[in-house]
Each structure stands twice: as structure tokens, then as C-alpha cells.
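Report on the following structure.
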Amino acid sequence: MAFQTEGSNLRALLVEDIKVNRMILSAMLRKFQVETTVVQNGKEAVELFLGGETFDIVLTDNLMPIMTGPEAISKIRAMGATTVMIVGVSVDAHSMEEFKDAGADLCVPKLKLEILEDILQETRSKKNKSSA
């Protein structure tokens, strides 16, 4: 069950199984006018990449049904998606290690607007450099 928010030059994939977290993170991304696709587990994220979808940034939870965030990150990286910024979001220190080992670019314990804004600015800069 993926849905999208239009309106930016950045495309984000939000991978989160908890509805209230999806709503909060989606609202934060909307605030920065980021086109957002939302899925509920890592398997759905991997399927989007297998289907040829591309994203500038992926924000993923760790523990989800069907496939965890780190499992999805490993599979996405193995497909050759090396330019997409992948951010693991979890309050658990063990999860941070799992995210890094799987290939995440960044791990944050809790996503605040200021942190998200910095991450999105970095992602935009990378995107602009690679398309120049």
C-alpha cells in the first residue's frame, strides 16, 4: 500500500510500519515539499526498487513485519542503488549498528524537523552535483 505526495525535486521513500509514525514523518516531508512514497515494510521497499523506481532518499524504520529495515537496505544496495541516501531511524543503539552494517548512510535516533532539513539539504546538494 504505497501512496505519494507530489511537489518537489526530491523523491523520498518512507518505510515505516506504525501508522502514527508514517503520518508524522509524511507531514514532516510535506513541510519540505518532498515527493514521498510510503510503504509499510522492507519487502515493499525492495519491490519498488526492483520495479525500477528511483528515490533520492530512503527513511526506514528497523523492526517491521515481513522484512526489517537493515534487510531491505542490504538488498537495495546489492541492486546497485549506491547514490540514494539511506537513513535508518531508530531509538535503539543496536539498530544503529545494524543500519550501518547494512549500508545506511546515516542513522538517527529520532527525526526532528531541524535534522530532517539538514539531511534533505545534503541530499539536494548531492543530487544537484550528480546532475550537473
Side-chain angles (χ1 to χ4, degrees):
M1 174 174 77
F3 68 87
Q4 296 185 329
T5 303
E6 302 285 330
S8 168
N9 60 344
L10 277 187
R11 294 192 67 218
L13 175 60
L14 174 58
V15 189
E16 173 61 66
D17 62 320
I18 299 171
K19 185 176 182 178
V20 70
N21 292 347
R22 285 195 306 268
M23 292 169 53
I24 292 167
L25 292 170
S26 293
M28 291 170 72
L29 289 163
R30 267 195 311 275
K31 179 176 174 43
F32 296 109
Q33 299 176 337
V34 175
E35 179 184 332
T36 306
T37 300
V38 181
V39 295
Q40 296 183 33
N41 61 64
K43 182 175 185 277
E44 291 176 355
V46 169
E47 287 170 351
L48 288 174
F49 278 89
L50 284 171
E53 292 285 334
T54 58
F55 300 94
D56 301 301
I57 186 167
V58 175
L59 301 168
T60 183
D61 184 25
N62 182 8
L63 300 175
M64 296 174 284
I66 303 172
M67 184 184 293
T68 68
E71 288 172 321
I73 293 168
S74 292
K75 290 179 184 295
I76 290 166
R77 291 294 192 215
M79 286 183 243
T82 56
T83 59
V84 62
M85 166 81 82
I86 300 181
V87 181
V89 182
S90 178
V91 295
D92 175 11
H94 178 68
S95 294
M96 300 294 192
E97 283 182 42
E98 289 181 61
F99 281 130
K100 283 293 190 185
D101 291 346
D105 296 294
L106 186 63
C107 303
V108 293
K110 190 172 184 181
L111 212 49
K112 296 179 181 166
L113 275 176
E114 302 80 24
I115 294 170
L116 181 59
E117 184 174 28
D118 291 344
I119 293 168
L120 294 174
Q121 284 177 343
E122 181 182 339
T123 304
R124 274 194 183 97
S125 293
K126 268 178 59 176
K127 182 178 180 175
N128 292 338
K129 285 178 187 172
S130 68
S131 61

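Predicted model, so just to flag it, every value in this text is computed and none were measured.
Heavy-atom neighbours of Lys100 NZ from other residues, nucleotides or ligands within 6.0 Å: above the threshold of 12. Met79 CE: more than 12 foreign heavy atoms inside a 6.0 Å radius.
Leu29 and Ile24 fall within a single hydrophobic cluster, where Ile, Leu, Val, Met, Phe, Trp and Tyr side chains are chained together by heavy-atom contacts under 4.5 Å. Grouping the Ile, Leu, Val, Met, Phe, Trp and Tyr side chains by contacts below 4.5 angstrom, directly or via other members, places Leu50 with Val84.
Note: Asp56 CG to Leu120 CG = 10.0 Å, rounded to the nearest 0.5 Å. In this structure, CG in Leu106 is found 8.0 Å from CD1 in Ile57, a value given to the nearest 0.5 Å. Note that the CD atom of Glu98 and the NE2 atom of His94 stand 3.5 Å from one another [nearest 0.5 Å]. Atom CZ in Phe49 sits 13.5 Å away from atom CD in Glu44 (nearest 0.5 Å). Here OG1 of Thr60 is found 9.0 Å from CG of Asp17. Values are rounded to the nearest 0.5 Å. In this structure, OG1 on Thr123 lies 12.0 Å from CZ on Phe32, to the nearest 0.5 angstrom.
Residues forming a side chain to side chain contact (heavy atoms under 4.5 Å, CB included) with Lys112 (at least two apart in sequence, or on another chain): Glu114, Ile115. Every residue two or more places apart in sequence or in another chain that forms a side chain to side chain contact (heavy atoms under 4.5 Å, CB included) with Asn21 is listed here: Glu16, Ile18. Judged as a salt bridge (Lys or Arg N to Asp or Glu O under 4.0 Å), and not counting sequence neighbours, Glu117 has no contacts. Among residues two or more places apart in sequence or in another chain, the salt bridge (Lys or Arg N to Asp or Glu O under 4.0 Å) test is passed with Lys75 by none.
Within the structure, every pair that satisfies the salt bridge (Lys or Arg N to Asp or Glu O under 4.0 Å) test and touches residues 76-85, not counting sequence neighbours, is listed here: Arg77-Asp105.
Across all non-hydrogen atoms, the minimal contact from Gly103 to Ile73 is C-CG2, 3.7 Å. Heavy-atom minimum distance, Met28 versus Leu113: CE-N, 3.5 Å. Between Met96 and Val108 the shortest heavy-atom distance is CE-C, 3.4 Å. Taking all atoms of both residues into account, the shortest heavy-atom contact from Ala12 to Val34 is CB-CG1, 3.5 Å. For Arg22 against Leu14, the heavy-atom pair with the smallest separation is O-CD2, 3.8 Å. For the residue pair Val15 and Gly42, the shortest heavy atom distance occurs at CG1-N, 3.9 Å.
At a threshold of 4.5 Å between non-hydrogen side-chain atoms, the residues Thr54 and Arg11 count as touching. Residues Leu13 and Val39 form a side-chain contact, since some pair of their non-hydrogen atoms from C-beta on lies under 4.5 Å apart.
Looking at Glu47 and Lys43, a side-chain N of the basic residue comes within less than 4.0 Å of a carboxylate O on the acidic one, giving a salt bridge.
The side chain to side chain contact (heavy atoms under 4.5 Å, CB included) test with Leu116 is passed by exactly one of Leu59, Val87, Leu25: Leu59.
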Residues 61-70 side chain polar contacts: donor-acceptor under 3.5 Å, at least two apart:
unit_1: Asn62; atom_1: ND2; unit_2: Ser95; atom_2: OG; d: 2.6
unit_1: Thr68; atom_1: OG1; unit_2: Glu71; atom_2: N; d: 3.2
unit_1: Thr68; atom_1: OG1; unit_2: Glu71; atom_2: OE1; d: 3.2

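Under a 3.5 Å cut-off, the side chain of Arg124 and the backbone N or O of Leu10 do not form any donor-acceptor pair.
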